[in-house]
Visitor: 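Take this structure, written in structure tokens, and hold onto it; I'll ask about it next.
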2 protein chains.
Amino acid sequence: MVNTETIAGTTQSLDGDAEQRILDAAHLVFVRRGTAGARMQEIADEAGVNKALLHYYFRSKSGLADAVFKRVARGVFGRLTEVASSDAPLEDKVRRIVAVYLEQLGRAPFVPGYIIGELSQHPERAQQLMETVRQFTDGAMPPVFLEGLRTQVDEAVRGGRIRPMTSEQFVANLVSLCVFPFAARPLLCAVLGMDADGFEAFLEDRRTALPEFFLNAIRP
Amino acid sequence: MVNTETIAGTTQSLDGDAEQRILDAAHLVFVRRGTAGARMQEIADEAGVNKALLHYYFRSKSGLADAVFKRVARGVFGRLTEVASSDAPLEDKVRRIVAVYLEQLGRAPFVPGYIIGELSQHPERAQQLMETVRQFTDGAMPPVFLEGLRTQVDEAVRGGRIRPMTSEQFVANLVSLCVFPFAARPLLCAVLGMDADGFEAFLEDRRTALPEFFLNAIRP
DNA sequence: GTCTATATTGTGATAGAC
DNA sequence: GTCTATCACAATATAGAC
């Protein structure tokens, strides 16, 4: 992997300064191995710098792990916020959320497993997730994330345009159906007898099958 | 925690012999901390035995971790196989799978996060999962797990009793909706602004809301 | 089978030269 | 800012008494 280049007489990265390279490398390693399983040495190698430099910039492994977790959380929820808070009608919104997540997670398939594993093993991550989420809700407390989508659901229920259900169940179902197949990909492959090609075909089918399934589920 | 008692002049556990106690303790610790985050010392303390005894029975940490993973996998898939391979009609089966999982995972809420985290971080776990699953399918290869349920779905589609969909999508959707809220409990709480009580109420609601949702989704 | 004590390695972190 | 060298301790694993 070529990640350094001589520019104007100094050794410089193609991807930015050292701090950024370290963060990128840490992102890669922490997401694949989890916080407990990650090694500072592996991150240093991946970034092409010395181990000591990680501590110079981030003080400790825990500090670096926190930075990565928040960065991953922002990436995941940023896109969701963007789509969910638009003023599109409910049905369009469902289609777009499905499309965005299937495409995004198809390119970063380790992210759901990482986030779930972290939340399961490190209770303090829940707090950090709340703080990250709050950034997208103008600091409102309790965090009213996805409030636009949720009021839309409540109104559609009152108007009889969708089946009666709480907005919590609506959101939980939508997120479950989008994210779980990536988080549990090896599990699904084992249970359904699929190989890598089979899973790709499954995902391709899902792009149209999932919106149909969900929209039919909420039809009155 | 009292876990030893003098019986007939020898020190004996209330919960069985030492090997069993170690496995129980390891189960507890590995599921909560993940394989990389678990410590042999903590398992020994939890089992009430010396650290060296873990190696006497299981040779290495990796050996103990494998034993626990397979045990957890058997527990999860055993119940699912039992319900899915019964001869109940499809709608009843859906209701029972939902009921079984919401009840079972309500009592072992760390299990989904553990399995997903393991699969995400240790590629060799996928292979071990396949082997475990194969135990429930009489060694058929490729594993035809849930074959009873899947043919039932295919027949219902052909008969027009449910909407057209592949049995893969059917199973993936059902499992996603049952398992994900437990795996991502802290995430859902953050995103929906729920505390512990709120989540309990959400689960209680879900016991009736989820079967309704799913059955409506597959209605023609 | 179970323990105490110890070996051995792995790993996060720091000191100090450049 | 970045490196080399090293420390300090945590954690797995083993030897050997009982």
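Numbered from 1 within each chain, the chains take letters A, B, ... in sequence-line order. Quick note: numbers below take in every heavy atom, side chains included, and nothing from hydrogens, waters or symmetry partners.
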Visitor: Looking at the side chain of A/Ser60, which of D/dG1, C/dA13, D/dT14 is the nearest nucleotide?
Guide: C/dA13

Visitor: Taking atom P of D/dG1 as reference, at what distance in whole Å does atom CG of A/Leu54 sit?
Guide: 15 Å

Visitor: Check the phosphate of D/dA13 against B/His55, side-chain N and O only, distance under 4.0 Å to OP1 or OP2. Yes or no?
Guide: yes

Visitor: Starting from P on C/dT14, measure out to NZ on A/Lys61 and report it in whole angstrom.
Guide: 15 Å

Visitor: In this structure, which one of A/Thr132, A/Asp66, A/Asp24 forms a side-chain hydrogen bond (donor to acceptor under 3.5 Å, both in side chains) with A/Arg71?
Guide: A/Asp24

Visitor: Checking all strands, does B/Ala44 fall into the base, sugar-phosphate, or nothing category for heavy-atom contacts under 4.0 angstrom?
Guide: nothing

Visitor: Whole Å only: how far is the NZ atom of B/Lys51 from the P atom of C/dT6?
Guide: 13 Å

Visitor: Decide side chain to side chain donor-acceptor pair (under 3.5 Å) for A/Asn173 and A/Gln169; before the verdict, give the C-alpha distance in whole Å, the side-chain angles of both, and the deciding distance to 0.1 Å.
Guide: CA-CA 6 Å; A/Asn173 290 342; A/Gln169 301 289 339; 5.0 Å; no

Visitor: Could you state the atom-to-atom distance from CD of B/Glu19 to P of C/dT2 in whole Å?
Guide: 10 Å

Visitor: Starting at atom CD of B/Gln20, determine the distance to atom P of C/dG1, rounded to an integer number of angstrom.
Guide: 14 Å

Visitor: Quick check for you: among C/dG12, C/dT2, D/dT2, whose closest atom lies nearest to any side-chain atom of B/Tyr57?
Guide: C/dT2

Visitor: Between A/Met40 (CE) and D/dT6 (P), how many Å, whole number?
Guide: 21 Å

Visitor: Of the candidate nucleotides D/dT2, D/dT12, C/dC3, which contains the atom at the shortest distance from the side chain of A/Leu53?
Guide: D/dT2

Visitor: Look at atom CG of A/Asp87 and say whether more than 12 heavy atoms of other residues, nucleotides or ligands are closer to it than 6.0 Å.
Guide: no

Visitor: If only side-chain N and O atoms of A/Tyr56 are considered, is one of them under 4.0 Å from the OP1 or OP2 phosphate oxygen of C/dT14?
Guide: no

Visitor: Judged by each residue's nearest nucleotide on DNA chain C, which is more toward the 5′ side, B/Val49 or A/Ala36?
Guide: B/Val49

Visitor: Rounded to whole angstroms, how far apart are CG on B/Asn50 and P on D/dG16?
Guide: 17 Å

Visitor: Taking atom C1' of D/dT12 as reference, at what distance in whole Å does atom CD of B/Glu42 sit?
Guide: 15 Å

Visitor: Look at A/Arg150 together with A/Glu168 and state whether they make a salt bridge at an N to O cut-off of under 4.0 Å.
Guide: yes

Visitor: For D/dA13, does OP1 or OP2 lie under 4.0 Å from any side-chain N or O of B/Arg59?
Guide: no

Visitor: Apply the salt bridge (Lys or Arg N to Asp or Glu O under 4.0 Å) test between A/Glu118 and each candidate in A/Arg33, A/Arg125, A/Lys70; give the one that qualifies.
Guide: A/Arg125

